[in-house]
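Let me begin by presenting the structure, written as structure tokens, before commenting on it.
For the single chain, residues carry numbers from 1 onward in sequence order. Read the numbers this way: they start at 1 and go in the same order the structure lists the ligands and their atoms.
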Amino acid sequence: MDPKPEDAAARRAGALRELIRYHDRRYYVLDDPEIPDAEYDRLFQELQAIEAAHPALRTPDSPTQRVGGTVLDSFAPVRHRVPMLSIRTETDTTADGARAFDARVRRELGLGVGDPAIGYACELKFDGLAINLRYEAGVLVQAATRGDGETGEDVTANIRTIRPIPLRLQADDADAPAVLEVRGEVYLRRDDFERLNERQREAGGKTFVNPRNAAAGAVRQLDPAVAAERPLSFFAYGLGEVAGWEPPPTHAATLDAIEAFGLPVCADRRVVRGAEGLVAFHAEIEARRDALAFDIDGVVYKVDDRALQQRLGFLTREPRWAVAHKYPAQERTTRLLGIDVQVGRTGKLTPVARLEPVFVGGTTVGNATLHNLFELRRKRVRVGDMVIVRRAGDVIPEVVGRIGEPRAGYVPNFRMPRACPVCGSAVRRDRGSVEHRCTGGLFCAAQRKQALLHFASRRAMDIEGLGDKLVDQLVDGGLIRALPDLYRLDAAELAALDRMADKSAANLVAALGHRKRTTLARFLYALGIRHVGEATAKSLARHFGALDRVMDASVEDLQAVPDVGPVVAASIRVFFEQPHNREVVDALRAAGIAWDEHDGAPPAAALPLAGCTVVLTGTLPALTRDEAKAMLEAAGAKVAGSVSKKTTAVVAGEEAGSKLDKARALGVPVLDEAALRAWLAGSPPPAVAAGSGTADAA
Ligand code: IVH
């Protein structure tokens, strides 16, 4: 008898499912994909097509069945067969917290000093939402939240959308446990969280304060399609009910077994011995904490040996054999006492939250940035609210949002001041920009202070000893009105200031003196021209070679510099058009600031075509426009876009248009490609050939 077509389809569907599961695991669990996405998509689409043609073949554990079901009214309660416990938290965030746990375990086991060290399984404490996954005969049948530990909520439809969670265990049907409950944490990676918020912002939707809230919100979504759009991840860390399978005798081996079943288990886990092993793990993870792909709030230590775990037993709802050892929180809640406005070096106004001081991320934070008016509005914070403050690594503390407690009464929304809080100048916001700026420039003391700090900074003039506090005193005390005043300070005057000793005053004066010798690039950067960072300053120095040439460059000249576009060029032009800024530059040079012009680049003036301006038009026979431009610039010429009386020569090719006409009209020499090459090779400069439009340089 011929095999029925259904049989062939069923076989193919089975094979495809196995393949897709395999590649899902490579991609989501092992982070080591073997095939390109397009190849994977092809397999997936083939399986979808078979299931569409033969609906009877559709199985609940098919990879196509992750998103499905309907929008729920509420989640059904799920009674945990084995209660979901929590773990005791060790609040002493120092190494002593780890030692205290080991001491307690040893005491409860009745161990003395002579007894061997205990083996501990160390893991990370993931900052997400605890979930119980129930597999029956290898198939995921239910997923539930922890709830109160006894009863949780059935969130199966949402959990099925999490790609790293297998819908079927990796085991031969015969080897799959009758029941296997795997417990772990659903979380969001930091990069996925950023992308999610970015997407939400673009769509005008609500953004999430942190990865944990976003993950928890997704799991508790009544519409699985919405949950499916959140790129959730999962790490397993333990077991619930088990039947028809004997778990290994240690926790570490149990995690290995869970991993072998195809579930993601975090690789940052290790078995250590004794208190000092715990201390070392805690320190190692703390050092790497900011570099992890996801948030953690500590590490977890578990007695590795299950027999010892059983001897230790439970204390009400917490096992005596495990503890969470925290790190200083990177997020805390506190009261927003007020909103100040700070003025930065470029005049940008930043709303800054004044907070009830709170210990977060290892330091006490009393101020945190709110970025700009629009961020502040988006976060809906008002004075008096309880807010969440976040400080991760070295980043500036920020207010991430408010806690949704009702306000006691009406609180007016924050407004940006119309006048600069420091100098009273008008505040402006460019169309389309989220930033408010003070228009006072160096008239504004805040901008003057920041300008000074920038001028003295390491990558600018590198003047050691000129810190925030001193700059405040110098500007507020009227000792410095403009940058050049720095070089008029004397040691006695400085020593008279608060917190300045004779020695530090003398050191500063000495530093000012011997840093007068600098480079053009550093000096340009030190001036603090808007949009001119270190790299641009270097390009400018290399291109122009001399300060006067930069100061006198037109917007067009400036745009000939690599990486200088219209915005940067305009900013440089505007800066040097201000008589005040030119005075500052002159005064600084008069004070003795000097550099070797050209900064190591070939001095432009010494190049053969220095001072020449050339215009290119039409198509040259062999050279592209860019090639011709590069050759001219390398020889020191400036390549301009339009012809004037000052143009040295116009290089014209096929289909040259109005520029050629203009050159002729103005009597500017016109070269063809051959003449250009000859000129670059050292022939005499071009001259206008009598009577003809095209000059020959020879
Ligand atoms: S073990 C009996 N291990 O922390 C021990 N929990 O209070 C049960 N958590 O909400 C928990 N990372 O979701 C364990 N590596 C880890 C964990 C972890 C995070 C969460 C867990 C629970 C809380 C414990």
So, [X] versus [Y]: side-chain donor-acceptor pair below 3.5 Å or not?
X: His80; Y: Glu241; result: no
X: Thr161; Y: Arg230; result: no
X: His371; Y: Glu398; result: yes

Show me which atoms of ligand 1 lie under 4.0 Å from any heavy atom of Glu123. 3 (N), 15 (N), 16 (C)
Pull out every atom of ligand 1 sitting under 4.0 Å from any heavy atom of Leu85, numbered as shown with elements.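 Contacts of ligand 1 toward Leu85, numbered from 1: 8 (C).
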Using non-hydrogen atoms of the residue, decide whether Pro319 is closer than 4.0 angstrom to ligand 1.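 Flag set, Pro319 near ligand 1.
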Can you tell me which portion of [X] lies within the under-4.0 Å heavy-atom range of ligand 1? Options are side chain, backbone, both, or neither.
X: Leu124; value: backbone
X: Lys125; value: both
X: Ser86; value: both
X: Phe126; value: both
X: Lys302; value: side chain

If you have a sec, work out which protein heavy atom is nearest [atom] and how many Å separate them, to one decimal?
atom: atom 10 (O) of ligand 1; answer: Ala130 CB, 3.9 Å
atom: atom 7 (O) of ligand 1; answer: Ile87 N, 2.9 Å
atom: atom 18 (C) of ligand 1; answer: Tyr237 CE2, 3.4 Å

More than 12 heavy atoms from other groups under 6.0 Å of [atom1] on [X]:
X: Glu39; atom1: CD; value: yes
X: Phe414; atom1: CZ; value: yes
X: Arg380; atom1: CZ; value: no

Parallel, tilted or perpendicular: which one describes the rings of Phe235 and Phe294, with boundaries at 30° and 60°?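 Perpendicular.
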So Phe101 and Tyr120, would you call those rings parallel, tilted or perpendicular, with 30° and 60° as cut-offs?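 The arrangement is tilted - the two ring planes meet at 30° to 60°.
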Consider every N or O of Glu185 and every N or O of ligand 1, then say whether any pair is closer than 3.5 Å. yes
